[in-house]
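Some notes on the structure that comes next.
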Amino acid sequence: MVRRSTIELDEQLLERAKRALGSPTTRATVEEALRRAAEHAESALEERAERQRRYFETLDTHLDLDVLASDST
């Protein structure tokens, strides 16, 4: 799905992004920048979730389950 939008862009930033990404047009530059931003954010979320899963798998090595299960305060 394509959506037409009118936005104000910093021209110097756009030119820097075009050079950095090797994109010939504004549209290609914006689409590539959005694609990379989305991929980076999704990857960061997946990595965080994986670290949390690994931590939970080893949780019993970080705490004493007998103490947690006891009625003493």
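This structure is a prediction, so every number in the text was calculated from the model and none was measured.
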E32 bridged to R36 by N-O distance under 4.0 Å: yes
K18 and T25, any side-chain heavy atoms less than 4.5 Å apart: no
Polar side chain donor-acceptor pair, E39 to S43, under 3.5 angstrom: no
Value rounded to 0.5 Å, distance of NE2 in H40 from CD in E42: 11.0 Å
Residue list, salt bridge (charged side-chain N to carboxylate O under 4.0 Å, His left out) with E50, at least two apart or on another chain: R53, R54
For P24 against A28, the heavy-atom pair lying closest together: CD-CB, 4.3 Å
Partner set under side chain to side chain contact (heavy atoms under 4.5 Å, CB included) for L13, not counting sequence neighbours: D10, R16
Non-neighbouring partners of T58 that pass side chain to side chain contact (heavy atoms under 4.5 Å, CB included), sequence neighbours left out: T61, H62
Neighbour count above 12 (heavy atom, 6.0 Å) for Q52 CD: yes
L14 and R19: CA distance, side-chain angles, deciding distance, side chain to side chain contact (heavy atoms under 4.5 Å, CB included) verdict: CA-CA 9 Å; L14 178 61; R19 281 192 303 276; over 6 Å; no
Verify same cluster id: L21, L34 (apolar side-chain graph, 4.5 Å): no
